[in-house]
*Asks:* 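Next up is a structure, given as structure tokens.
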Amino acid sequence: MLASQSRQKSYADPKRRDITFQLGDHVFLRVSPMKGIRHFEKKGKLSPKFIGPFEILEKVGQVPYQLALPPSFSAVHNVFHVSMLRKYVSDPIHILSYEALELQPDLSYDEQPVQILDRKEKVLRSKTIALVKVLWRNSKVEEATWVLESDMRTQYLELFKLDFIDEILLTGG
């Protein structure tokens with residue numbers, strides 16, 4: 001057992017790089033979306049998002065850092081492990097507006113569907129699965145995901161009422 005642990009360590013150590021930040025540096029903070037439904041495809045939706053940039057106020061220990069957070073994040077503790085931080089690269093397209101996010105103390109936020117963008121049916125061997133492409137609040141159109149239509153209908157029926165009215169108007173019925 002020790003030999004295999006030592007071998008794994010020797011593979012991992014050369015690739016590991018210790019990340020350190022200086023006082024006054026700016027970093028992004030990783031936050032995670034929380035949803036009440038499972039997504040058919042996990043690409044994009046379950047990946048963390050980064051908000052910020054925030055200034056580093058103090059290095060608290062070997063790996064935790066204290067950040068200058070805005071007053072709207074008063075429920076969130078302002079000390080974070082280095083793994084939750086990413087170096088700030090000055091590019092405005094990477095910044096997610098954190099003003100609209102209501103962060104929980106565990107750095108998660110609720111994702112709510114905004115609109116159904118498309119429908120399709122996935123044909124399997126013995127059955128057909130109805131899917132809808134959902135645009136989520138605080139996400140871009142490129143990050144919309146395919147979700148089981150049945151799950152969306154049970155949890156968010158109001159999205160389908162709007163679609164039903166649009167279909168009536170389009171068909172003239």
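In what follows, residues are counted from 1 in the order of the sequence shown. Computed from heavy atoms alone, side chains included, the values below leave out hydrogens, waters and symmetry copies.
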*Asks:* Is the CD atom of Q5 crowded by more than 12 outside heavy atoms at less than 6.0 Å?
*Replies:* yes
*Asks:* Measure the spacing between CD of E121 and CD of E149 and express it to the nearest 0.5 Å.
*Replies:* 8.5 Å
*Asks:* Below 4.5 Å, heavy atoms only, C-beta onward: do T145 and L135 meet side chain to side chain?
*Replies:* no
*Asks:* What verdict does the side chain to side chain contact (heavy atoms under 4.5 Å, CB included) test give for F80 and L69, after you've listed the backbone C-alpha separation in whole Å, the side-chain angles of each residue and the deciding distance to 0.1 Å?
*Replies:* CA-CA 11 Å; F80 301 96; L69 297 179; 4.0 Å; yes
*Asks:* Are Y88 and L57 co-members of a hydrophobic cluster defined by side-chain heavy atoms under 4.5 Å apart?
*Replies:*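 No: no chain of side-chain contacts under 4.5 Å links L57 to Y88.
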*Asks:* To the closest 0.5 Å, what do you measure between CG (L67) and NE2 (H77)?
*Replies:*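 That separation rounds to 10.5 Å.
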*Asks:* Do L148 and L124 land in one hydrophobic cluster if side-chain heavy atoms of ILVMFWY residues count as linked below 4.5 Å?
*Replies:*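 Shared cluster, yes.
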*Asks:* Could you give me the CA-CA distance, side-chain angles and deciding distance for I51 and F73, then say whether side chain to side chain contact (heavy atoms under 4.5 Å, CB included) is met?
*Replies:* CA-CA 12 Å; I51 59 172; F73 289 171; 3.7 Å; yes
*Asks:* Where do P113 and V134 come nearest, in terms of heavy atoms and distance?
*Replies:* CB-CG1, 3.5 Å
*Asks:* State the CD1-OH distance between I116 and Y156, to the nearest 0.5 angstrom.
*Replies:* 11.5 Å
*Asks:* Working to the nearest 0.5 angstrom, can you tell me the gap between E55 CD and Q66 CD?
*Replies:* 11.0 Å
*Asks:* Mind listing the closest non-hydrogen atom pair of H26 and G24 along with its distance?
*Replies:* ND1-O, 3.4 Å
*Asks:* If the condition is side-chain contact (heavy atoms from CB on, under 4.5 Å), which residues does T20 pass it with, not counting sequence neighbours?
*Replies:*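 For T20, the residues satisfying side-chain contact (heavy atoms from CB on, under 4.5 Å) (neighbours in sequence not counted) are K59, Y65.
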*Asks:* Shortest non-hydrogen contact from E58 to L23?
*Replies:* CA-CD2, 3.3 Å
*Asks:* Using side-chain heavy atoms (C-beta onward) and a distance below 4.5 Å, is L131 in contact with V147?
*Replies:* no
*Asks:* Of D25, L29, N78, which is the lone residue that meets side-chain contact (heavy atoms from CB on, under 4.5 Å) with F54?
*Replies:*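 When side-chain contact (heavy atoms from CB on, under 4.5 Å) is applied between F54 and each of D25, L29, N78, only L29 qualifies.
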*Asks:* Please examine the side chains of D118 and V132, heavy atoms only from C-beta on, and report whether any two atoms are closer than 4.5 Å.
*Replies:* no
*Asks:* Could you list the cluster mates of V79? Members are the ILVMFWY residues connected by side-chain heavy atoms closer than 4.5 Å, either directly or through other members.
*Replies:* V60
*Asks:* Sequence neighbours excluded, which residues qualify as side-chain contact (heavy atoms from CB on, under 4.5 Å) partners of K87?
*Replies:* F21
*Asks:* What is the distance from atom CG of L85 to atom CZ of R30, rounded to the nearest 0.5 Å?
*Replies:* 9.0 Å
